[in-house]
Amino acid sequence: MGLFDKLKGKKEIIDWSNAYVATPKFYGKPDGTIFGAIALTEGTETVLPKSPQNEYKVDGRTVSEWKMVLISTTKDTIIGDADYFIALKNIEKYLLDSKKESVLVKGLTLSELESLKG
């Protein structure tokens with residue numbers, strides 16, 4: 001797409017097909033409540049759900065607590081986590097595209113990933 005296409009308002013077509021589609025893992029807390037965790041990995045284009053609480057249930061029950069787990073490939077470890085919905089808001093500046101139910105996030109650098117820590 002050339003500069004003139006952008007000036008004419010033509011939208012660039014974004015390819016979602018090579019992105020990692022994040023799916024949650026579920027964990028129990030000592031009090032018996034369950035929370036969902038969705039990973040975001042350094043350098044990986046990732047599709048994240050906008051409202052995981054509406055898409056995923058455990059034993060038919062809605063999961064209300066969600067975390068985003070931040071994984072560094074540079075450090076080869078989990079570098080932290082954050083409240084999913086706060087992190088999703090902070091990720092907006094890194095979005096490549098957005099659909100009704102999900103967003104496509106560019107592959108983040110280590111420093112960008114660290115900026116999301118809660």
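Residues take their numbers from the sequence shown, with the count starting at 1.
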Peer 1: Rounded to the nearest 0.5 Å, what's the gap from NZ on Lys106 to CD1 on Ile91? Could you check?
Peer 2: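 Atom-to-atom, Lys106:NZ and Ile91:CD1 are 11.5 Å apart.
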Peer 1: I'd like a table of donor-acceptor pairs (distance under 3.5 Å, sequence neighbours excluded) in which one partner is a side-chain atom from residues 48-59, with atom names and distances.
Peer 2:
{"unit_1": "Lys50", "atom_1": "NZ", "unit_2": "Ser98", "atom_2": "OG", "d": "3.0"}
{"unit_1": "Lys50", "atom_1": "NZ", "unit_2": "Lys99", "atom_2": "O", "d": "2.6"}
{"unit_1": "Lys57", "atom_1": "NZ", "unit_2": "Thr62", "atom_2": "OG1", "d": "3.1"}

Peer 1: Between atom OG of Ser64 and atom CD1 of Ile34, what is the distance when rounded to the nearest 0.5 Å?
Peer 2: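 Taking OG in Ser64 and CD1 in Ile34, the distance rounds to 10.5 Å.
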Peer 1: Are any non-hydrogen side-chain atoms of Thr41 and Tyr20 less than 4.5 angstrom apart?
Peer 2: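 A side-chain contact under 4.5 Å is absent here.
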Peer 1: Honestly curious: do Phe85 and Leu113 fall in one hydrophobic cluster under the side-chain, below-4.5 Å linking rule?
Peer 2: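 Yes, it is one cluster - the side chains of Phe85 and Leu113 are joined through contacts under 4.5 Å.
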Peer 1: Sub-3.5 Å donor-acceptor pair from the side chain of Thr77 to the main-chain atoms of Lys75, do we have one?
Peer 2: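 Not confirmed, Thr77 side chain does not pair with Lys75 backbone.
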Peer 1: At what distance, to the nearest 0.5 angstrom, does OG1 of Thr23 lie from CD1 of Ile38?
Peer 2: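 So the gap between those two atoms works out to 8.0 Å.
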Peer 1: Can Tyr84 be reached from Ile71 by stepping across I, L, V, M, F, W or Y side chains whose heavy atoms are under 4.5 Å apart?
Peer 2: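 No.
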Peer 1: Among Asn18, Leu96, Val105, Leu108, whose side-chain contact (heavy atoms from CB on, under 4.5 Å) with Glu45 holds?
Peer 2: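 Of the listed options, the one satisfying the test is Leu96.
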Peer 1: Applying a strict under-4.5 Å side-chain criterion to I, L, V, M, F, W and Y, I'd like to know whether Phe35 and Phe26 cluster together.
Peer 2: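 Cluster IDs for Phe35 and Phe26 differ.
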Peer 1: Can you list the steps and then say if Ile79 with Glu42 is a side chain to side chain contact (heavy atoms under 4.5 Å, CB included)?
Peer 2: CA-CA 10 Å; Ile79 59 169; Glu42 175 187 350; over 6 Å; no
Peer 1: Less than 3.5 Å apart, any donor N or O on the side chain of Glu65 or Thr33 sitting next to an acceptor on the other?
Peer 2: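 Judged by distance alone, the side chains do not pair up.
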Peer 1: Would you compute the distance between atom CG of Leu70 and atom CG of Leu110 and round it to the nearest 0.5 angstrom?
Peer 2: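 Rounded to the nearest 0.5 Å, the CG-CG separation comes to 10.5 Å.
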Peer 1: For Leu104 and Trp16, work out which heavy atoms get closest and say how close.
Peer 2: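 Reported closest heavy-atom pair: N-CH2, 3.7 Å.
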Peer 1: I need the Lys89 NZ to Leu116 CG distance, nearest 0.5 Å.
Peer 2: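 Rounded to the nearest 0.5 Å, the NZ-CG separation comes to 13.5 Å.
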Peer 1: Applying the 4.5 Å side-chain criterion to the ILVMFWY set and letting contacts propagate, would Ile14 and Val47 be lumped into a single cluster?
Peer 2: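 Both belong to a single hydrophobic cluster.
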Peer 1: Assess the side chains of Thr46 and Thr44: does a donor N or O sit below 3.5 Å from an acceptor N or O?
Peer 2: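 Result is no, nothing qualifies.
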Peer 1: Quick one: are Lys25 and Val69 in side-chain contact, heavy atoms under 4.5 Å?
Peer 2: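 Of all side-chain heavy-atom pairs linking Val69 with Lys25, none is under 4.5 Å.
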Peer 1: Please report the closest heavy-atom contact between Trp66 and Pro24, naming both atoms and the distance.
Peer 2: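 Here Trp66 and Pro24 meet closest at CZ3-CB, 3.5 Å.
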Peer 1: Is the number of heavy atoms from other residues, nucleotides or ligands within 6.0 Å of CG (Leu95) greater than 12?
Peer 2: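 Buried by this count: over 12 neighbours within 6.0 Å.
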